[in-house]
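One structure is given here, and the rest of the page talks about it.
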Amino acid sequence: MSTVAAPVDVLPLYRTMVLIRRFEEEAERQYKAARIGGYCHLSSGQEAATVGTVEAMHADDLLVTGYRCHGFALARGVPPEAVMAELFGRRDGCAHGRGGSMHLLDASRGYYGGWGIVGGQLPIATGMALSLARREERRAVLCELGDGAVNMGAWHESLNLAAVWRLPIVFLVVNNEYGMGTSVERASAEPDLFKRAGAYRMKGERVDGDDLEAVIEVAGRLLEEARGERRPAVLEALTYRFRGHSVADAGLAYRTREEIAEHREADPLERTKALLRDRGASAEEIEAAEAAAAEAVERATEFALADPAPALDRLAAGMYAPGSASQFERMVPGSPIGERELVYGGGLGE
Amino acid sequence: MSTVAAPVDVLPLYRTMVLIRRFEEEAERQYKAARIGGYCHLSSGQEAATVGTVEAMHADDLLVTGYRCHGFALARGVPPEAVMAELFGRRDGCAHGRGGSMHLLDASRGYYGGWGIVGGQLPIATGMALSLARREERRAVLCELGDGAVNMGAWHESLNLAAVWRLPIVFLVVNNEYGMGTSVERASAEPDLFKRAGAYRMKGERVDGDDLEAVIEVAGRLLEEARGERRPAVLEALTYRFRGHSVADAGLAYRTREEIAEHREADPLERTKALLRDRGASAEEIEAAEAAAAEAVERATEFALADPAPALDRLAAGMYAPGSASQFERMVPGSPIGERELVYGGGLGE
Amino acid sequence: MKEDGEPHVAEPAAAGVETMTYREALRLAMRQEMERDERVFVMGEEVGLFDGSYKVTAGLLDEFGPDRVRDTPISEEGFVGAGVGAAMLGERPIVEIMTLNFLLVAMDQVVNHAAKIGAMFGGEVRCPMVIRTPNGAGNQLTAQHSQSFDGWFAGTPGLKVVAPATPDDAKGLLKAAVRDEDPVLVIENLPIYKEKGEVRLDPELTTPIGLAAVAREGADLTVVSHSFATVRALRVAEKLAAERGVSVEVVDLRSLRPLDVETVAASVAKTNRVLCVEEGWPTYGVTAELAARIQHACFDDLDAPVERLGMAEVPLPYAKELELAAMPTEERIEAAVLRTLALAG
Amino acid sequence: MKEDGEPHVAEPAAAGVETMTYREALRLAMRQEMERDERVFVMGEEVGLFDGSYKVTAGLLDEFGPDRVRDTPISEEGFVGAGVGAAMLGERPIVEIMTLNFLLVAMDQVVNHAAKIGAMFGGEVRCPMVIRTPNGAGNQLTAQHSQSFDGWFAGTPGLKVVAPATPDDAKGLLKAAVRDEDPVLVIENLPIYKEKGEVRLDPELTTPIGLAAVAREGADLTVVSHSFATVRALRVAEKLAAERGVSVEVVDLRSLRPLDVETVAASVAKTNRVLCVEEGWPTYGVTAELAARIQHACFDDLDAPVERLGMAEVPLPYAKELELAAMPTEERIEAAVLRTLALAG
Ligand SMILES: Cc1ncc(C[n+]2csc(CCOP(=O)(O)OP(=O)(O)O)c2C)c(N)n1
Ligand SMILES: Cc1ncc(C[n+]2csc(CCOP(=O)(O)OP(=O)(O)O)c2C)c(N)n1
Ligand SMILES: [Mg+2]
Ligand SMILES: [Mg+2]
């Protein structure tokens with residue numbers, strides 16, 4: 001992936017942005033077709049912030065996010081097949097069908113989830129940065145959170161720990177103006193969220209999250225300071241969520257159609273396409289990128305449709321580490337109905 | 001009590017400061033004599049910050065503190081007898097012997113405790129301010145906490161709520177340089193604690209907590225802004241804890257004898273006595289105040305010694321409101337051994 | 001039949017009866033209590049402008065305004081504690097937590113503060129607050145969003161915990177909780193919100209805290225349950241009566257603290273066989289306490305061991321098939337009932 | 001006699017045996033594991049410069065330095081979560097929480113994060129962390145500082161929970177926890193820190209997780225307990241044997257999840273009478289699960305109902321007399337044993 005210095009090759013990034021948009025449109029269709037369940041949070045409108053920050057990461061940096069994570073997983077290179085299969089709850093999903101939309105991950109790519117409790121991922125990402133620091137590795141953690149998460153106690157404790165211990169971590173606040181139906185102004189006494197970094201003598205910057213190149217530049221700079229000087233930072237990316245909070249929310253109770261339309265005018269996909277043209281990309285190249293993205297989504301859906309469900313006799317798989325089954329052997333007598341078959345016989349500790 | 005404008009009558013305040021010092025010296029003696037148990041946190045060295053801030057409160061303002069609260073209770077006018085009896089665990093203690101040193105209170109004086117979980121009192125005090133705001137009363141809450149408590153998530157959530165809802169509350173950070181054995185610098189990435197108010201667009205001020213008049217002035221001003229304009233604020237009072245964290249801690253593992261000696265040089269009691277002399281108070285007046293304080297402590301101890309222990313057959317008293325006993329009647333069958341006598345027969349709901 | 005278990009409940013009044021969902025019954029209770037008492041106000045994430053993430057508070061903002069239907073930032077520890085403080089000054093806050101899972105971040109305020117106030121301060125102050133929140137699973141919400149910690153709160157002296165199973169009790173118990181002088185946790189449930197039932201509209205009717213109900217009379221076996229597990233159990237009971245002539249009595253706990261052991265024991269003394277069902281994990285759960293109480297109170301009445309059924313003890317997986325296999329579905333309850341009867345010989 | 005319950009435990013090795021306190025045994029375990037494995041580090045409030053608020057970590061800072069004995073700000077949610085993150089990358093953090101009461105502010109990180117990782121991410125990542133913390137009461141620390149929530153964690157699938165009663169098991173179980181690939185909560189106890197006992201020094205000896213011990217053999221009645229309640233029970237057993245010729249068997253659970261029901265059931269099958277004792281509140285507590293398991297596994301063996309004893313169900317009062325009345329003291333355990341025997345005949 002590019003370092004800060006290198007010139008940005010926009011075309012592949014544009015393709016990834018389109019991939020995310022098309023992927024989530026397909027996910028919504030499949031949700032309506034009842035092939036995807038649970039909560040499903042789309043990020044349409046946030047693609048530049050997503051792709052730009054991940055582009056600024058090194059291959060060995062670590063990524064931790066909240067539950068609105070389809071885009072981050074795809075941008076980090078998790079195969080669309082594995083992501084769609086996870087949304088379908090299938091065996092070959094990136095979490096083997098056990099996590100779903102909110103709990104994507106791919107440890108082989110340094111992506112450690114995909115977390116559903118607002119703010120809960122912050123202390124964990126901070127601990128990962130602590131581990132990198134203990135091993136004196138020149139790597140950093142990028143931890144994504146939403147504008148609503150900055151009011152959780154976990155934000156405060158994590159930022160203070162990261163700063164007092166000088167940990168290599170960048171807290172990426174994706175400010176899409178709302179936490180469910182609550183605007184930033186109604187939730188945060190300091191609505192300029194990046195300024196809250198000051199409470200920890202930490203650097204805080206704000207960027208137009210829909211400006212791909214600007215995002216890459218500032219994210220790259222902050223990540224490099226984290227890697228090189230162990231300087232943690234807050235990066236606030238201003239963007240907008242086109243859709244509702246989740247596919248279950250029409251997203252109109254707390255904002256006007258006009259407001260949404262206005263933001264759609266400035267769709268980051270269009271802005272990036274314009275940038276490509278300025279850079280001399282041909283219509284053919286652009287169409288080819290868009291077609292490639294569309295095909296990738298098609299392949300992902302086909303894969304997910306064909307992928308089998310997780311084995312029913314493995315209900316307890318993964319819960320405990322291999323070898324744990326013997327620790328639980330003596331717990332069986334008098335257990336509640338079903339435990340024998342479902343848990344003790346369900347792959348416990350395998 | 002005095003408003004901001006009125007000139008400060010230092011003599012009675014000096015008497016209260018001496019009362020606190022003598023009271024806690026006696027408490028330590030009684031602790032060593034095994035008449036007081038549990039945790040016992042002394043505030044020697046912090047008397048000016050304690051008495052000054054309470055002096056700035058109006059009679060109908062509300063006070064909430066942490067567990068280092070003997071001084072605050074006495075300054076607020078809780079009778080020394082009731083405080084000492086509580087430390088002894090006696091019937092007529094301010095919490096009827098059920099709270100002890102950490103959980104003093106006196107609702108009749110607007111003192112709502114006396115809390116033992118670091119930071120736990122902040123959301124509660126914030127809710128009291130919310131109640132005052134809902135009723136549009138011109139009153140404020142003074143919420144005390146320590147320098148170590150500013151790193152708890154509860155601090156962050158409470159300050160944000162107070163600011164976004166514009167609540168009448170002043171968060172008093174008693175910065176005595178250490179949280180147990182951890183110095184402010186080792187715990188807080190922003191060691192100028194008052195500056196953290198900025199993360200909520202809240203006013204934050206710092207005062208020499210050993211300067212009685214300065215404390216009264218700034219606390220009075222901030223409380224008045226809270227009452228009148230619903231402007232919450234943070235007030236950091238710089239002071240020093242002469243003794244260990246609790247009577248069980250010698251207080252030397254994490255600081256030098258020299259450091260302690262240096263601070264004892266600037267004992268707020270001596271500074272206030274000097275102030276009194278400058279103001280023309282006679283040696284007799286000063287001695288009289290000191291003697292009065294000493295006598296008050298003696299009376300308190302005598303009272304506590306004579307006060308009976310709480311009735312043993314009332315173990316469950318207070319846990320639930322009157323009338324609750326009938327709700328629990330049907331819970332008795334099959335209950336653990338002792339519940340019948342100790343709980344259901346122990347004043348439950350009376 | 002519901003009346004059997006609740007002698008103290010007044011008869012349906014002039015106000016009459018109406019069929020509505022559990023969700024609507026909760027809303028009716030809040031509206032009635034807010035109209036009755038100025039001190040009552042609702043606070044939580046998305047309770048106002050968004051109409052509640054599960055729409056329980058829908059419309060209340062327009063009716064009572066933003067001071068009494070207060071949207072909060074995402075700060076459960078902060079606003080649960082704010083409820084505690086307001087209650088200590090005599091307010092009657094109803095704090096909504098979006099789902100029980102999120103109460104974990106506010107655990108300290110509930111267990112170490114709200115529950116302690118009465119006793120720790122010698123009865124000098126009280127904390128008359130209500131916390132409302134749904135537990136439960138079943139919509140593929142996965143491991144972090146599909147839990148029921150009912151027993152943890154029911155095991156905390158100083159708290160009262162109720163978990164209604166019918167719309168009428170949802171209204172009656174929420175109102176009783178609001179009027180109670182102690183902190184009361186009202187445990188609702190996600191799938192139960194859409195369940196319908198007759199609700200007695202009388203604004204003065206409440207369901208007493210600490211009183212279970214015999215939701216269905218039967219002779220062969222007793223199922224003890226609360227919240228959505230009771231809804232499932234009643235369906236199974238009807239099915240078994242129709243298809244196999246098995247007569248199942250269903251005791252709906254309604255309150256978990258205080259726990260009405262008397263009603264449970266009376267039923268077991270009659271049927272001699274009992275299955276305890278809960279939506280959450282049974283080991284160290286609500287059904288553990290039930291089994292402990294029943295084996296003691298009914299030692300000579302039991303023809304078979306007390307059986308328990310709940311959610312399989314794994315963090316709930318996302319895949320629909322796996323989730324279904326783990327839940328205490330009607331199929332699993334039916335099988336458990338038959339097994340308990342079989343065990344009895 | 002201790003060996004009876006633990007066939008899998010290797011014999012005392014050359015390293016020999018030494019008498020030390022429970023506190024020293026924990027320290028020895030940490031020192032041995034830190035010497036053995038670079039990835040092991042200790043983190044918590046006052047564990048370093050202050051030598052630990054209960055002195056368990058005393059001296060470790062000098063020995064291993066501030067990176068491996070890390071003092072933290074007062075931010076339990078933050079540093080427990082930091083332990084989770086470090087463990088996910090393969091570290092072996094030992095997080096000390098000053099007392100179990102304070103774990104309430106970090107509940108979400110333990111229950112909704114650490115416990116979920118293995119299953120929720122399909123086994124792709126693990127969380128091999130240890131959380132050490134003392135429960136218990138008895139020093140007039142009052143309502144907010146005298147609690148035992150052991151059952152809440154033991155009831156959380158994804159966690160493992162141990163609660164040693166002897167110095168040897170304190171060393172053996174803490175070491176087993178450090179070497180385990182899953183999150184393990186090691187519940188210690190305030191009054192137990194000063195208890196002395198023989199400790200097998202062999203750095204390779206661990207006490208297996210999930211295995212109870214018959215701490216004392218007896219014929220008339222079984223007492224099942226863990227942590228400090230076991231210490232109390234053993235004293236009562238000796239006293240009753242000496243004074244009344246009553247023969248009490250004491251089963252020390254040692255692990256709460258997994259729970260060794262086999263060893264408990266085998267004992268009850270022999271004695272036919274059982275009293276379950278815990279330091280915390282029994283209703284919805286550990287003894288509730290024990291009673292539920294025993295009445296099921298030993299239905300035909302019991303001559304009397306399973307009895308339970310724990311802390312009286314009130315927020316613990318400060319006054320010494322009241323606190324003493326509420327605790328499961330040796331006097332109360334003795335009376336409960338006699339009552340359980342009487343009931344039986
Ligand atoms: C502790 C907690 N409280 C509440 C929720 C429910 N919830 C899920 S997402 C969300 C809004 C978060 O908004 P924001 O942080 O801005 O992220 P966005 O959804 O805009 O990406 C809420 C309240 C939760 N998951 N966790
Ligand atoms: C949540 C929580 N964690 C830890 C403790 C243990 N503890 C009690 S006092 C204290 C230090 C607090 O220091 P500070 O806030 O500076 O107040 P001070 O003691 O100096 O008055 C700690 C860590 C606690 N009571 N609550
Ligand atoms: Mg947002
Ligand atoms: Mg301090």
Side-chain angles (χ1 to χ4, degrees), chain B residues 62 64 86 93-99 103 105-108 112-117 119-135 141 153-154 156-158 160-161 164-165 310 316-324 326-336 343, chain C residues 41 43 67-68 70 72-73 75-91 93 105 108-109 112-113 116-126 128 157-158 160 180-182 208-212 255 257-265 292-298:
Chain B
L62 304 177
V64 177
E86 190 56 38
C94 55
H96 305 294
R98 289 164 191 276
H103 306 302
L105 90 159
D106 185 340
S108 73
Y112 284 93
W115 300 87
I117 302 300
Q121 74 274 31
L122 274 70
I124 292 173
T126 302
M128 291 182 175
L130 171 62
S131 178
L132 296 180
R134 287 192 66 228
R135 303 190 229 153
V141 177
H156 175 65
E157 296 190 11
S158 301
N160 186 61
L161 288 179
V164 83
W165 289 342
M319 171 167 55
Y320 290 109
S324 300
S326 63
Q327 296 175 337
F328 281 82
E329 270 168 10
R330 306 169 69 90
M331 192 170 180
V332 177
S335 55
V343 179
Chain C
F41 69 99
M43 172 163 66
D67 173 60
R68 296 188 69 192
R70 182 176 293 267
T72 67
S75 307
E76 284 84 357
E77 184 177 19
F79 66 79
V80 167
V84 173
M88 286 178 77
L89 293 191
E91 308 267 4
V105 295
D108 177 64
Q109 284 298 322
N112 235 349
H113 292 83
K116 301 295 184 278
I117 289 166
M120 186 169 83
F121 291 127
E124 290 289 320
V125 280
R126 305 228 61 84
K160 293 173 183 175
D180 200 273
E181 295 293 320
D182 292 313
I209 292 173
L211 187 67
S255 291
R257 189 179 197 94
L259 181 69
D260 179 358
V261 182
E262 275 186 22
T263 298
V264 173
R293 293 302 187 109
I294 293 167
Q295 64 86 29
H296 195 285
C298 309

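In what follows, every heavy atom counts, from backbone to side chain, and hydrogens, waters and symmetry copies are set aside. In what follows, chains carry the letters A, B, and so on, assigned in the order in which the sequence lines appear, proteins first and then strands, with residues in each chain numbered from 1.
Judged purely by atom type and a 3.5 angstrom limit, C:Arg257 has no side-chain atom pairing as donor or acceptor with the backbone of B:Phe328.
Nearest approach of C:Pro73 to B:Val164, heavy atoms of both residues: CG-CG1, 4.3 Å. Here the closest heavy-atom approach between residue B:Met319 and residue C:Pro157 is recorded as SD-CB, 3.8 Å.
Atom CD of C:Gln109 is separated from atom CD of B:Glu157 by 9.5 Å, given to the nearest 0.5 angstrom. B:His103 NE2 to C:Met120 CE: the interatomic distance, rounded to the nearest 0.5 Å, is 4.5 Å. Here the CD1 atom belonging to B:Ile124 is positioned 4.5 Å from the NE2 atom belonging to C:His113, to the nearest 0.5 angstrom. Here OG of B:Ser324 is found 8.5 Å from CD1 of C:Ile209. Values are rounded to the nearest 0.5 Å. Atoms CH2 and CG, on B:Trp165 and C:Asp67 in that order, are 10.5 Å from each other to the nearest 0.5 Å. Atoms CD and CD, on C:Glu262 and B:Glu329 in that order, are 8.0 Å from each other to the nearest 0.5 Å.
Chain C forms the most heavy-atom pairs under 4.5 Å with one residue out of B:Met128, B:Arg134, B:Glu86, and that residue is B:Arg134. Of the listed residues (B:Thr126, B:Leu130, B:Val64), the one with the most heavy-atom contacts under 4.5 Å to chain C is B:Leu130. No other option in B:Ala107, B:Gly120, B:Ser158 has as many heavy-atom pairs under 4.5 Å with chain C as B:Gly120. Chain C forms the most heavy-atom pairs under 4.5 Å with one residue out of B:Gln121, B:Arg135, B:Gln327, B:Arg98, and that residue is B:Gln327.
In this structure, the side chains of B:Pro123 and C:Val80 stay at 4.5 Å or more apart for every pair of heavy atoms. You'll find the side chain of B:Trp115 reaches within 4.5 Å of the side chain of C:Ile117, heavy atoms only.
Neither the backbone nor the side chain of B:Asp106 comes within less than 4.5 Å of any heavy atom in chain C.
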